[in-house]
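Take a look at the structure below.
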Amino acid sequence: MTSTSEQPILVAATTGKPEVNPYLMGVYAPVGEEIDASDLEVIGKIPADLNGVYLRNGPNPRFAPEGRYHWFDGDGMIHAVHLENGKARYRNRWVRTKAFEAESEAGKALWKGVMESPKDNPFGNTHGLNVKDSANTDLIFHRGQVLSTWYLCGTPYAVDPLSLETLGAEDFLGTLVGDMMAHPKVDERTGEMFWFDYGPRPPFLRYGVIGADGKVVNTTEIDLPGPRLPHDMAITENYAVLMDLPLIQDLEAARNGRHKLRFDRSLPSRFGVLPRYGNGSQIRWFEASPCYIYHVVNSWEQGEEIVLDVCRVQRPQPRADAHTPLAKMLSYLRLDASLHRYRFNLRTGQCLENQLDDDNTEFPSVDSRVVGGRNRFSYAVHISPDSTLKFDGLVCYDNRAGTKTEHRFGPGRWGSEAPFAPRDGAAADSDDGYLVTFVQDEREGRSELDIFDAADLTAGPVARVLLPQRVPLGFHATWVRADQLEPSRK
């Protein structure tokens, strides 16, 4: 095992009255070392037909924050376990963003986070509020590399999926102008990637396509009545689906140098459908009841309709009794989401919606090979009722049978997003594969990688890979198959 020592931080600096911030403590506390470890101890047996790498992103501040800390502020750190021939290797690395490098040179935090005024920050994202772009949110595999993205729209950073070396800011051969949102969609059948960019100043929304050659091949502006905070999008075989949801960026707060959101229940949720290579004038809007949506499950075409499955948030705003910035953050991060389906009829313009499950589930995924096509299976994490955001179990939904199966991690054990990892050579959109997730045991202060048979979640993990250090709770994850890794080895 080798490691590179970095200065750990345990307590945030604050302004005004001191506050105990749970997102810097316990299962969220950052780690201070970058570690390489091989031949990890395994309880059970790693399946011989599971080969690839599991990567998960998340916030891990390197230096004590300036001012009040929001969980979204932390520097991006990727934790990865590479599985090959029944063996496991662990590695973690910070994402070397421009802001990370600037703070490393200074030896201290230079940026204030989203709960403070950003006006004195050295620089920020292109189309935003001068806030720190830490690339801590999602991981998307495209054209042999992983893109590390940020939740408020930022620069995608290219990362090698095996070494975790930051390859640099990805501008797609000089063709990307501006930022990219956190969750672009990749169509593995065509090699294309679809994205949008938004911000508090016009144009409020831009949509674009990156071709299989790695260049931006289409961009268009989408007309919106004002600034919004869209987080995700969907694709089908022929269309893209964008969202205009009534979670609004407060312009008065922005003029005063603050990032503030408000949910306007007097406005509908709108879903815009346009051809993949269309322009803004071709978009068709479908209206539905007001809500917020962080994450899309998948979307596909079915006859004259487009079907969209999402995790729909019922109350996307802080509680009325949350009177301090910290209380508002804690309340805002408590997801209250459930599986929801929309149907957009392209002939009649009708929108139908219905709730598919009443459980609190989020961070959904499908087999990456069927994104944009009709899927039978989808997977999600179950949200704990705790006061902070924790994942206490996994859920599998079977669209064909209309059933779900579940697994709970157990008391004091918290998981991460669990993407589907197909068995080597398995057909697409089957349950012939595994779910892979980090699990942190709060009682023992230990983390592990748990592997589940996707066809039998209730049986519990088939293997538990014990990790050499604790992995703090974080955000999104991805699975990169061995066949996708082959170009990275050459």
Problem set entry | R56 and S416 side chains, donor-acceptor separation under 3.5 Å | yes

Problem set entry | Heavy-atom check, side chain of V296 versus side chain of M243, under 4.5 Å | yes

Exercise. Between the side chains of Y90 and Q469, does any donor sit under 3.5 Å from an acceptor?
Worked result: yes

For this session: Using only heavy-atom distances, determine whether the side chains of T97 and Y157 contain a donor-acceptor pair under 3.5 Å.
Result: no

Exercise. Taking atom types as modelled and ignoring hydrogens, do the side chains of H340 and E353 form a donor-acceptor contact shorter than 3.5 angstrom?
Worked result: yes

Seminar exercise, completed: When every non-hydrogen atom of A418 is compared with those of S365, the smallest separation belongs to O-OG, 3.6 Å

Exercise. Would you say Y151 and M181 make side-chain contact, with heavy atoms under 4.5 Å?
Worked result: no

For this session: Check P184 against W195 and note the closest heavy-atom contact, atom names and distance.
Result: CB-CB, 4.1 Å

For this session: Inspect the contact between K185 and D232 and indicate whether a charged nitrogen and a carboxylate oxygen are less than 4.0 angstrom apart.
Result: yes

Exercise. Taking 4.0 angstrom as the limit, do R276 and D187 come out as a salt bridge?
Worked result: yes

Exercise. Where do L267 and I248 land on the side chain to side chain contact (heavy atoms under 4.5 Å, CB included) test, with the steps shown first?
Worked result: CA-CA 10 Å; L267 298 176; I248 296 171; 3.6 Å; yes

For this session: Verify the neighbour count for atom CG of D223: are there more than 12 heavy atoms of other residues, nucleotides or ligands below 6.0 Å?
Result: no

For this session: Measure centre to centre between the rings of F420 and Y379, then say whether the value is under 6.0 Å.
Result: yes

For this session: Compare all side-chain heavy atoms of C291 with those of I293 and state whether any distance is below 4.5 angstrom.
Result: yes

Problem set entry | Centroid-centroid distance, F141 to W479, less than 6.0 Å | no

For this session: In sequence, state the C-alpha distance, the side-chain angles, and the governing distance for L55 and L164, and then conclude on side chain to side chain contact (heavy atoms under 4.5 Å, CB included).
Result: CA-CA 9 Å; L55 307 101; L164 302 189; 3.5 Å; yes

Problem set entry | Test of ring centre spacing under 6.0 Å for F475 and F72 | yes

Exercise. Would you say the side chain of I235 lies within less than 4.5 Å of the side chain of V371, judging by non-hydrogen atoms?
Worked result: yes

For this session: Keeping the roles fixed (side chain from D213, backbone from K215), state whether a donor-acceptor pair exists under 3.5 Å.
Result: yes

For this session: Check step by step if side-chain hydrogen bond (donor to acceptor under 3.5 Å, both in side chains) holds for E406 and H382.
Result: CA-CA 9 Å; E406 303 180 69; H382 187 271; 4.9 Å; no

Problem set entry | E448/R413 salt bridge by N-O under 4.0 Å criterion | yes

Problem set entry | Ring centers of Y198, F204 separated by less than 6.0 Å | no

Exercise. Would a line drawn from the ring center of F363 to the ring center of H476 be shorter than 6.0 Å?
Worked result: yes

Exercise. At their closest point, which heavy atom of A380 faces which heavy atom of T361, and how far apart are they?
Worked result: CB-CB, 4.0 Å

For this session: Check the pair Q440 / F409 against side chain to side chain contact (heavy atoms under 4.5 Å, CB included), numbers first and verdict last.
Result: CA-CA 10 Å; Q440 185 177 160; F409 298 124; over 6 Å; no

Exercise. Does the side chain of I140 come within less than 4.5 Å of V146's, by heavy atoms?
Worked result: no

For this session: Please check if any side-chain donor atom of S269 sits under 3.5 Å from a side-chain acceptor atom of E287, or the reverse.
Result: no

For this session: Please determine, by modelled atom types, if R62 and S104 share a side-chain donor-acceptor pair under 3.5 angstrom.
Result: yes

Problem set entry | Neighbour count >12 (heavy atoms, 6.0 Å) for atom OH, Y239 | no

Problem set entry | Side-chain heavy atoms of Y23 within contact of L389, under 4.5 Å | yes

Exercise. Would you say T149 and L139 make side-chain contact, with heavy atoms under 4.5 Å?
Worked result: no

Exercise. What pair of heavy atoms forms the shortest contact from I210 to H142, and how long is it?
Worked result: CG2-CE1, 4.0 Å

Problem set entry | SB check R443 D441 (cutoff 4.0 Å) | yes

Problem set entry | N-O pairing of R68 and E116 below 4.0 Å | yes

Problem set entry | Residue pair L162 / D160: nearest heavy atoms and the distance that separates them | N-OD1, 2.9 Å

Problem set entry | No-hydrogen, no-angle side-chain donor-acceptor test under 3.5 Å, N136 and S134 | yes

Exercise. Can you tell me if R312 and S289 form a side-chain donor-acceptor pair at under 3.5 Å?
Worked result: yes

Exercise. Can you find a side-chain donor-acceptor pair between W111 and E103 that sits under 3.5 Å?
Worked result: no

Exercise. Does the pair D75/K132 count as a salt bridge with the N-to-O cut at 4.0 Å?
Worked result: yes

For this session: Taking the side chain as every heavy atom from C-beta outward, state whether Y342 and I306 have any atom pair closer than 4.5 Å.
Result: no

For this session: Working to the nearest 0.5 Å, report the span between CG of L229 and CG of D244.
Result: 11.5 Å

Problem set entry | Flag for N57-S148: side-chain donor and acceptor within less than 3.5 Å | yes

For this session: Using the side-chain hydrogen bond (donor to acceptor under 3.5 Å, both in side chains) rule, take Y54 and H79 through it: C-alpha gap first, then chi angles, then the decisive distance, then the call.
Result: CA-CA 8 Å; Y54 171 77; H79 299 261; over 6 Å; no

Exercise. Could you walk me through whether E34 and W94 pass the side-chain hydrogen bond (donor to acceptor under 3.5 Å, both in side chains) check?
Worked result: CA-CA 8 Å; E34 295 182 323; W94 270 291; over 6 Å; no

For this session: Taking the six-membered ring for Trp and the full ring for Phe, Tyr or His, determine whether the centres of W285 and F271 are under 6.0 Å apart.
Result: no

Exercise. Is it true that R91 and E33 make a salt bridge, defined as a side-chain N closer than 4.0 Å to a carboxylate O?
Worked result: no

Problem set entry | Donor + acceptor pair across side chains of E192, Y277 (<3.5 Å) | yes

Exercise. Stepwise, does the side-chain hydrogen bond (donor to acceptor under 3.5 Å, both in side chains) test hold for T388 with D386?
Worked result: CA-CA 5 Å; T388 56; D386 276 32; 5.4 Å; no

